Each structure stands twice: as C-alpha cells, then as structure tokens.
Amino acid sequence: MPELPEVEILKRSLNKSIKSKKIIKININNPNLRYKVQKNFKKILKKKVISKVSRVSKYLILHFSSNKKKLLIHLGMSGTIHLVIEKSKINTNASFYKLSNLPLKHNHIIFFLNNKIKLVYNDPRRFGYMKIVDTNFMKYKPLNKLGPDPFSSKFNLIYFKKYIKNKKKNVKNLLMDQKFVSGLGNIYVNEVLFSCKINPSKSILNLSEKNIKDIIKKTKKILKKAILFGGSSIRDFKKIDGKSGNFQQKFMVYGKNNKNCPRNNCEGLLKKIFLSNRSVFFCPICQI
DNA sequence: CCGTTAACCTGAGAGC
DNA sequence: TGCTCTCAGGTTAACG
C-alpha cells in the first residue's frame with residue numbers, strides 16, 4: 001500500500017486518536033507476517049501507554065511512556081491500520097476492498113485500547129510486519145541502511161551528485177532505491193519523473209545538474225501535495241477513519257497507460273513499460 | 001561492492 | 001459461471 005505520504009497520513013491520524021491510550025489486550029490471529037511476530041510480543045506491549053507515533057521513511061514507530069521498547073511497523077504492499085470504535089458511527093470496517101465488511105481473515109493483529117478503541121492491523125499479502133525494538137533502533141537494520149528522508153536538507157544537490165558517482169543505473173531505479181532516498185515508491189517516482197520531463201530509463205550518468213535540482217525540488221513538492229490530499233487510495237489504502245485519500249485523482253501518469261499526455265501542448269500517448277519488474281508510466285514524447 | 005532478479009503472499013480483474 | 005493468467009503503493013536474499 002504505502003509510500004511516504006500514506007504513512008505520514010497514518011502517523012498524523014494515529015497521533016490524534018491513540019496518543020495516551022493504553023493497550024489493554026492484544027489478539028494475534030496470525031503471527032506469520034513477513035517476519036513471525038516475536039514470542040514475547042504481547043507480554044512486552046500489554047499495559048503500555050502509547051506516548052507518540054513517529055515515521056521514518058515508510059516505517060511507523062509507536063513510542064510508549066513507560067518503557068524503552070518501541071514498536072516498529074511496516075505495512076508492506078497491502079497492510080492497513082484501522083480503528084474500530086465501539087458504539088460509534090466511525091466503524092472503519094465499512095469500506096474496505098469495496099466490501100461491506102473488512103475481510104476478517106486478514107485481521108492479523110488487534111490491539112484493544114482503553115475507551116473501547118480497537119486498533120486493527122489488516123494485511124492480505126502479509127508483506128508487512130511488526131517488530132519490537134530498542135531505543136537505539138536507528139542503528140540497526142532495517143533502518144540503518146536508509147538514505148535521507150526526501151524532506152530532509154540532507155537530500156540536496158551535493159549529496160545527490162556524490163551518491164551517483166561511479167554508479168550505473170537508470171534514474172527510475174535510483175529513486176526507488178531506499179538507500180539513496182527513503183520514502184518514495186512506484187507511484188511517486190513515476191509522478192516525479194513526469195513532472196521533471198525526464199525519461200525513467202535515462203541513465204544517471206546523463207543527468208544534468210538542472211535535472212538533479214529539478215528532481216529534488218519536485219520530489220518534495222509532489223510528496224507535500226500528496227500529504228495535503230490525504231495520500232493515494234488506489235486499491236486498499238484507507239485512512240484510519242475508513243475514508244480514502246484523494247491524491248489518486250491528481251495522478252498525471254500512474255496507471256494511465258494509453259491515455260493522452262496531460263502536459264499542455266504535448267501530443268504524446270502515455271506508455272507503460274517495465275523496469276526491474278516494476279511498472280513504469282511515462283510520456284515518450286515530452287520525457288527525455 | 002554493484003546491479004539485477006526471484007521470491008515472499010493473496011485477491012482483483014481481464015480474457016476465454 | 002468458472003477457469004486461467006497477470007498484476008499490485010515493498011523489501012531483500014541470492015546470484016553473476
């Protein structure tokens with residue numbers, strides 16, 4: 001599901017809704033996520049009070065007031081977090097997968113919080129996972145290998161030039177590489193390259209300084225806008241209140257194979273190709 | 001070390 | 001209706 005904007009939306013809404021809530025009980029319906037849920041998972045988290053939720057790249061981190069442990073959450077491709085509030089009209093089961101009910105068989109982990117709030121982790125493909133980590137979690141994998149956040153000042157011209165030196169790959173794969181910059185995924189990379197008029201297959205050896213400056217600038221701009229619109233809901237991303245994001249309505253190229261190029265005065269037809277087994281949407285006329 | 005590919009999973013949607 | 005096939009907002013082990 002999620003790239004940086006969707007995880008950021010989750011983080012913000014969780015901070016509003018579950019901060020200072022206490023974990024009363026945990027149900028693990030299926031421990032077999034990408035990595036098996038740790039054996040002491042329930043024991044460590046039970047009775048903990050959530051003090052803050054933060055984001056690193058596409059990871060969520062739950063912080064607790066009385067413990068040095070933290071909970072690292074990655075949503076993989078299809079993970080979602082829903083809040084179910086008893087006796088409230090806000091029942092997030094309502095609109096998942098276009099079904100009238102959330103498919104229960106993929107509700108793998110449920111946290112029962114006080115005030116009758118349930119936090120439900122649902123993930124059909126089980127590429128996501130939860131892991132209890134220590135306070136120095138940034139020093140260890142998987143977070144220690146991540147490149148800078150796209151909004152960070154570390155993601156700048158000098159860093160970019162230095163990173164690509166002596167490397168050989170296309171610009172699309174470069175932006176997908178979380179070791180280079182962490183948080184972009186398939187949707188936003190496609191959108192950024194369209195915005196910059198750069199062909200996704202272009203070798204990083206041939207990027208001009210103008211190209212690089214443009215990528216840095218447009219990356220921040222597009223991600224910021226996506227967050228403003230509540231993220232993208234293309235199949236299973238929902239905000240925790242069960243509503244969709246709206247940035248998918250702003251897509252220029254993603255998922256728009258054979259559509260007219262949306263750029264003014266361009267007569268091109270958008271094309272879909274594959275690079276490293278991931279779909280790429282672009283305009284062969286104006287993206288050079 | 002570097003770049004690429006396959007694998008991990010389930011379900012939706014298309015085509016027949 | 002039902003079967004097959006392809007594809008999906010990600011990550012990483014294994015390979016050459």
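All of these numbers come straight from a predicted model, not from anything done at the bench. All chains are named by letter (A, B, ...) in the order of the sequence lines, taking the proteins before the strands, and each is independently numbered beginning at 1.
Distances from the side chain of K167(A) to the nucleotides dG3(B), dT11(C), dA8(C) place dG3(B) closest. For P2(A), the listed nucleotide lying nearest its side chain is dG10(C); candidates were dG10(C), dG11(B), dT11(C). Checked against dT11(C), dG3(B), dC8(B), the side chain of K169(A) finds its nearest nucleotide in dG3(B). Side chain of R126(A), nearest nucleotide from dT10(B), dG11(B), dA8(C): dT10(B).
Comparing S57(A) and F274(A) by the nucleotide of DNA chain C that holds the closest heavy atom to each, the one mapping nearer the 5' end is F274(A). Two residues, I204(A) and N277(A), neighbour DNA chain B, and the one matched to the more 5' nucleotide by heavy-atom proximity is I204(A).
Separating the CD1 atom of I234(A) from the C1' atom of dG11(B) is a distance of 14 Å, rounded to the nearest angstrom. Look at CG on N257(A): it is 14 Å from C1' on dA14(B), rounded to the nearest Å. For the pair N122(A) CG and dT10(B) P, the computed distance is 13 Å after rounding to whole Å. L33(A) places its CG atom 14 Å from the C1' atom of dT10(B), with the value rounded to the nearest Å. Rounded to an integer number of Å, the gap from R278(A) CZ to dC7(C) P is 13 Å. In this structure, R34(A) places its CZ atom 6 Å from P of dT12(C), rounding to the nearest Å. One interatomic measurement links the two molecules: CD of Q178(A) to P of dT12(C), which rounds to 9 Å at whole-angstrom precision. In this structure, L75(A) atom CG and dC8(B) atom P are separated by 22 Å, rounded to whole Å.
Using a 4.0 Å cut-off, some side-chain N or O of S279(A) falls inside it from OP1 or OP2 of dA8(C). Here H106(A) does not reach the OP1 or OP2 of dC9(B): none of its side-chain N or O atoms lies under 4.0 Å away. Between K168(A) and dC2(B) there is no side-chain N or O to OP1 or OP2 distance below 4.0 Å. Using a 4.0 Å cut-off, some side-chain N or O of K58(A) falls inside it from OP1 or OP2 of dT11(C).
No side-chain donor-acceptor contact under 3.5 Å links N30(A) and Y121(A). Between the side chains of K172(A) and N186(A), at least one donor N or O sits under 3.5 Å from an acceptor N or O. Under the 3.5 Å distance criterion, with hydrogens and angles disregarded, no donor-acceptor pair is assigned to the side chains of K105(A) and N29(A).
When heavy atoms are screened at a 4.0 angstrom cut-off, Y129(A) is found touching no nucleic acid atom at all. Nucleic acid contact for K179(A): none, since no nucleic acid atom lies under 4.0 Å from a heavy atom of the residue. If you check every strand for non-hydrogen atoms under 4.0 Å, F247(A) touches nothing.
Figure legend: K131(A) and Y129(A) shown without cation-pi pairing, the cationic atom not lying both under 6.0 angstrom from the six-membered ring centre and within 45 degrees of its axis.
The aromatic ring of F127(A) is not stacked on the base of dC9(B), since the criterion of ring centres less than 5.5 Å apart with planes inclined by under 30° is not met.
A salt bridge does not link E191(A) to K218(A): none of the charged side-chain nitrogens sits closer than 4.0 Å to a carboxylate oxygen. Ion pair D134(A)/K69(A) flagged as a salt bridge, since at least one NZ, NE, NH1 or NH2 atom sits closer than 4.0 Å to an Asp/Glu carboxylate oxygen.
The partner of dC16(B) is dG2(C), by the rule that a Watson-Crick or G-U pair needs both atom distances under 3.5 Å.
Between the base of dC9(B) and the side chain of R125(A) there is a donor-acceptor pair shorter than 3.5 Å.
Nucleotides dC9(B) and dA14(C) have their P atoms positioned 15 Å apart, rounded to a whole Å.
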